[in-house]
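Each remark here refers to the structure printed beneath this line.
Excluded from the calculations below are hydrogen atoms, water molecules and symmetry mates; all remaining heavy atoms, backbone and side chain alike, are included. Remember, predicted model here, so these are calculated numbers, not experimental data.
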Amino acid sequence: MEALIPVINKLQDVFNTVGADIIQLPQIAVVGTQSSGKSSVLESLVGRDLLPRGTGIVTRRPLILQLVHVDPADGRKNEDGDREGEEWGKFLHTKNKIYTEFDEIRKEIENETERISGNNKGISEEPIHLKIFSPHVVNLTLVDLPGITKVPVGDQPKDIEVQIRDLILKHISNPNCIILAVTAANTDMATSEALKVAREVDPDGRRTLAVVTKLDLMDAGTDAMDVLMGRVIPVKLGLIGVVNRSQLDINNKKSVVDAIRDEHAFLQKKYPSLATRNGTKYLARTLNRLLMHHIRDCLPELKTRINVLAAQYQSLLSSYGEPVEDQSATLLQLITKFATEYCNTIEGTAKYIETAELCGGARICYIFHETFGRTLESVDPLGGLSTIDILTAIRNATGPRPSLFVPEISFELLVKKQVKRLEEPSLRCVELVHEEMQRIIQHCSNYSTQELQRFPKLHEAIVEVVTSLLRKRLPITNEMVHNLVAIELAYINTKHPDFADACGVMNNNIEEQRRNRMRELPTSVSRDKSIGLNPTGPTGLSGEFPASGFDMDGAKASAAGPQGEQDGTGNWRGMLKKGEEAPGSGPGSPLKGAVNLLDVPVPVARKLSSREQRDCEVIERLIKSYFLIVRKNIQDSVPKAVMHFLVNHVKDSLQSELVGQLYKSGLLNDLLTESEDMAQRRQEAADMLQALQKASQVIAEIRETHMW
Ligand code: GDP
Ligand code: MG
């Protein structure tokens with residue numbers, strides 16, 4: 001059994017680092033009929049005289065014998081730290097009492113057996129727990145069991161046979177148990193109760209080893225040749241014959257060493273051809289081999305586990321970073337790493353890609369095109385403007401002078417009012433992007449620049465610098481966005497090609513409607529229309545054709561013919577101002593007067609006159625058309641401004657800002673103060689990693705040795 005010690009010792013190192021429960025050696029239990037020599041077999045395996053043996057029923061309680069290997073170097077201490085001899089034993093039931101004499105141990109087993117089972121051959125299923133500490137053993141558990149018996153004697157109950165069988169089965173049904181089925185050579189192997197009971201729990205014979213004892217006691221003229229050759233009963237793992245000490249030897253206190261020497265001599269003489277495959281030594285070697293097989297089977301899993309652990313500790317360790325040697329280099333490196341990570345998160349090239357939600361550049365894009373874009377699109381060009389507002393504006397713009405035509409100034413005033421409404425969502429867009437830029441800081445320190453966690457002060461300082469950089473850019477960006485709207489308000493470009501186009505189409509429609517109405521309505525009404533509706537060409541065009549004039553004008557405002565060039569305002573002006581020259585210009589407010597002047601009496605109730613309606617309609621259409629142009633501009637230019645003044649600026653100046661503010665020799669010590677437990681955690685991780693690497697090496701060595 002000592003051959004196992006170096007391997008187990010090495011593995012023990014592995015166990016100590018990764019948890020001791022990984023390889024559990026099988027326990028070894030002996031079964032067989034009473035007095036077949038079970039206790040003797042166990043004892044010679046252990047190599048110590050410690051078990052009570054004898055004729056009749058001796059083992060009356062299961063004995064769970066735990067062998068505990070102690071390192072001879074520091075092994076003179078027992079597990080409680082008491083200094084003891086080289087080998088010693090301890091019982092569970094006597095607590096901390098130390099037994100240094102094996103005679104004492106045997107006595108205690110006998111006493112304890114009697115205590116529970118009485119002194120009249122009674123048995124008990126309550127096990128005795130004994131631990132033997134020695135540098136000469138491996139960590140292994142051996143179980144000595146009462147022998148199978150048929151007829152109750154003494155205090156034994158009637159069903160003694162069943163009780164003992166159950167007791168045996170209870171211990172050997174554990175799949176992690178090697179069964180030594182002990183049969184005496186002077187009984188018939190074919191009737192072996194031991195093999196019978198073993199087969200019940202191990203039908204394939206994968207963990208049953210047959211041991212034939214008392215080879216020396218065979219009748220004259222018989223030998224165990226057939227049995228040992230496996231011809232009587234084949235046992236997969238093998239059949240091993242042994243010679244234990246006889247009762248006389250025990251009485252004479254024959255030593256284990258002598259017994260083994262005599263056994264060897266006996267085998268050489270009686271079974272020369274089989275001598276090398278029998279005997280206590282061979283039994284021990286076979287058990288060794290079985291245990292080794294077991295260990296080997298466990299190794300791949302252990303190796304995998306160790307490798308996984310090693311990888312985990314490796315990455316943990318690298319996240320802790322190296323101890324700081326060159327402070328300024330470390331600082332610069334961390335700053336650069338953070339700045340790069342920050343920019344990468346914006347660019348979308350970060351190593352760590354968030355999958356739970358949009359972040360960084362993608363989120364900014366979302367803000368621009370979804371949040372901001374949609375909000376702008378949902379702004380109603382005429383929102384907040386009632387017809388009355390429009391009419392009032394028209395009237396106010398006309399001033400004291402009654403006018404026949406819608407004054408241009410009213411359009412401008414109204415359209416500006418609408419354009420102004422774009423400012424708030426634009427500023428909100430800046431705010432959202434600013435918030436996201438702020439969030440990226442957190443993102444970077446959480447995932448990407450884990451090393452930063454080591455230096456809480458540096459982390460704080462970086463956050464502070466970036467935050468204040470962002471804060472500094474906020475008013476500048478806001479200002480720009482404000483200006484973008486202000487620019488739109490500064491000059492209402494009615495010659496904008498898109499606007500001119502829109503007006504042209506619109507005029508055409510209005511004119512068409514007018515013509516249709518003229519065709520349908522009586523003259524008086526048509527006159528009313530022709531005067532009231534400013535678009536009616538004062539340019540001398542009349543009847544059915546003025547429309548075509550507008551049409552042309554409108555469709556290609558700037559490129560239009562001489563007419564467009566002449567009035568220099570594009571056709572929409574034609575709709576408004578040209579009317580001033582119209583022959584119909586007369587007294588009265590533009591709302592009532594014009595209509596009233598003519599023959600149609602106006603109802604007193606505040607119902608819009610058709611002229612008012614038309615005026616409103618015209619203004620509304622113009623506002624709408626112009627507003628859409630401006631909105632498109634803003635939708636396009638605000639993101640650009642935000643990118644330029646906030647995002648790109650921060651991106652470009654982040655590194656130099658950080659370096660400028662933090663890379664100062666006076667700050668080095670303070671900023672690179674590690675969090676308190678960091679140094680300790682790093683050391684622990686490094687130790688663990690080293691142990692794991694050694695463990696992995698040990699396993700590799702064990703797998704390579706020729707033990708199998
Ligand atoms: P157990 O009841 O199965 O535990 O058997 P023990 O180990 O107590 O042995 C019963 C008796 O048989 C003891 O007196 C032993 O000395 C004796 N005995 C066991 N094995 C051998 C053997 O191989 N040869 C001889 N001559 N006696 C043996
Ligand atoms: Mg016994």
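- With hydrogens and angles disregarded, a donor-acceptor distance shorter than 3.5 Å links the side chain of S35 to the backbone of G56.
- Between I462 and F455, the closest side-chain pair of non-hydrogen atoms is not below 4.5 Å.
- Within the 3.5 Å criterion, the main-chain N or O of S124 finds no donor-acceptor partner in the side chain of R61.
- Inter-residue side-chain proximity for I116 and H93 is flagged as unmet; no heavy-atom pair is nearer than 4.5 Å.
- Side-chain N/O atoms of D249 and S246 include a donor and acceptor closer than 3.5 Å.
- A donor-acceptor contact under 3.5 angstrom links the side chains of S39 and D144, judged on distance only.
- Open room surrounds CD on E125; 12 or fewer heavy atoms of other groups in view lie less than 6.0 Å from it.
- In this structure, R681 places its CZ atom where more than 12 heavy-atom neighbours from other residues, nucleotides or ligands lie under 6.0 Å away.
- Among all heavy-atom pairs drawn from K38 and L145, the shortest one is CE-O, 3.2 Å.
- With rounding to the nearest 0.5 Å, the separation of OG in S273 from CE in M229 is 6.5 Å.
- For H129, the NE2 atom sits in a packed shell: over 12 heavy atoms of surrounding residues, nucleotides or ligands are nearer than 6.0 Å.
- Side-chain contact between P146 and L167: present, with at least one pair of heavy atoms (C-beta onward) separated by less than 4.5 Å.
- How far CG of L672 is from CG of L334: 7.0 Å, rounded to the nearest 0.5 Å.
- Atom NZ of K196 has 12 or fewer neighbouring heavy atoms from other residues, nucleotides or ligands inside a 6.0 Å radius.
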Applying salt bridge (charged side-chain N to carboxylate O under 4.0 Å, His left out), run through R245 and D49 and close with a yes or a no. CA-CA 11 Å; R245 286 168 292 180; D49 296 302; 2.6 Å; yes

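- Side-chain contact between R48 and V256 is absent, with no heavy atoms from C-beta onward closer than 4.5 Å.
- Of all heavy-atom pairs between R277 and Y282, the closest is O-CD2, 3.1 Å.
- A donor-acceptor pair under 3.5 Å is formed between the side chain of S255 and the backbone N or O of D258.
- In terms of heavy atoms, Y99 sits closest to E104 at CD2-OE2, 3.7 Å.
- You'll find the side chain of L63 stays beyond 4.5 Å of the side chain of L42, heavy atoms only.
- Taking CG of D687 as the reference point, atom CG of L689 lies at 9.5 Å (rounded to 0.5 Å).
- L283 contributes atom CG, which lies 5.0 Å from atom CD1 of I240 (distance to the nearest 0.5 angstrom).
- Checked by atom type and distance alone, the side chain of S117 never pairs as donor or acceptor with a backbone atom of E114 at under 3.5 Å.
- Looking at Q693 and Q697, their side chains never bring a donor and an acceptor atom within 3.5 Å of each other.
- Side-chain contact between L65 and L50 is present, with heavy atoms from C-beta onward closer than 4.5 Å.
- Counted within 6.0 Å of CD on Q247, heavy atoms from surrounding residues, nucleotides or ligands total more than 12; the atom is thus considered enclosed.
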Give the C-alpha distance, both sets of side-chain angles, the deciding distance and a yes or no for side-chain contact (heavy atoms from CB on, under 4.5 Å) between I28 and L209. CA-CA 10 Å; I28 297 174; L209 192 59; over 6 Å; no

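- For the atom pair NZ of K270 and CG of N278, the computed distance is 13.0 Å after rounding to the nearest 0.5 Å.
- Within a 6.0 Å radius of CD in Q268, other residues, nucleotides and ligands contribute more than 12 heavy atoms.
- In plain terms, the two heavy atoms of S192 and T183 that are nearest each other are OG-OG1, 3.0 Å.
- Not one N or O on the side chain of D155 forms a donor-acceptor pair closer than 3.5 Å with the backbone of G122.
- R60 places a side-chain N or O within 3.5 Å of a backbone atom of G118 that can act as its donor or acceptor partner.
- Between D670 and K457 there is a salt bridge, since at least one side-chain N of the basic residue sits less than 4.0 Å from a carboxylate O of the acidic one.
- In this structure, the side chain of K236 engages the main chain of D204 through a donor-acceptor pair within 3.5 Å.
- Put simply, the side chain of R106 never gets that close to the backbone of L51: no donor and acceptor are under 3.5 Å apart.
- The CD atom of E86 sits 12.5 Å away from atom OG1 of T100, with the distance rounded to the nearest 0.5 Å.
- Inspection of the H171 and Q27 side chains reveals no N or O donor paired with an N or O acceptor under 3.5 Å.
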Can you list the steps and then say if I306 with K303 is a side-chain contact (heavy atoms from CB on, under 4.5 Å)? CA-CA 5 Å; I306 284 172; K303 193 172 169 72; 5.8 Å; no

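- Looking at heavy atoms from C-beta onward, F91 lies out of side-chain contact with E112 at the 4.5 angstrom threshold.
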Begin with the C-alpha distance, continue with both residues' side-chain angles, and end with the deciding distance and a verdict on side-chain contact (heavy atoms from CB on, under 4.5 Å) for I233 and R199. CA-CA 12 Å; I233 294 185; R199 211 160 275 182; 3.7 Å; yes

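- Here the closest non-hydrogen pair linking E110 and P52 is OE2-CB, 3.6 Å.
- Judged purely by atom type and a 3.5 angstrom limit, D223 uses its side chain to pair as donor or acceptor with the backbone of M225.
- Nearest heavy atom pair, residue G89 against residue I132, reads CA-CD1, 4.2 Å.
- By the 4.0 Å N-to-carboxylate-O rule, E193 lies close enough to K150 to be salt-bridged with it.
- No donor-acceptor distance shorter than 3.5 angstrom exists from the side chain of S696 to the backbone of L692, with no hydrogens or angles considered.
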In sequence, state the C-alpha distance, the side-chain angles, and the governing distance for I98 and K90, and then conclude on side-chain contact (heavy atoms from CB on, under 4.5 Å). CA-CA 5 Å; I98 306 290; K90 268 170 114 179; 3.9 Å; yes

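- At a threshold of 4.5 Å between non-hydrogen side-chain atoms, the residues T208 and R206 do not count as touching.
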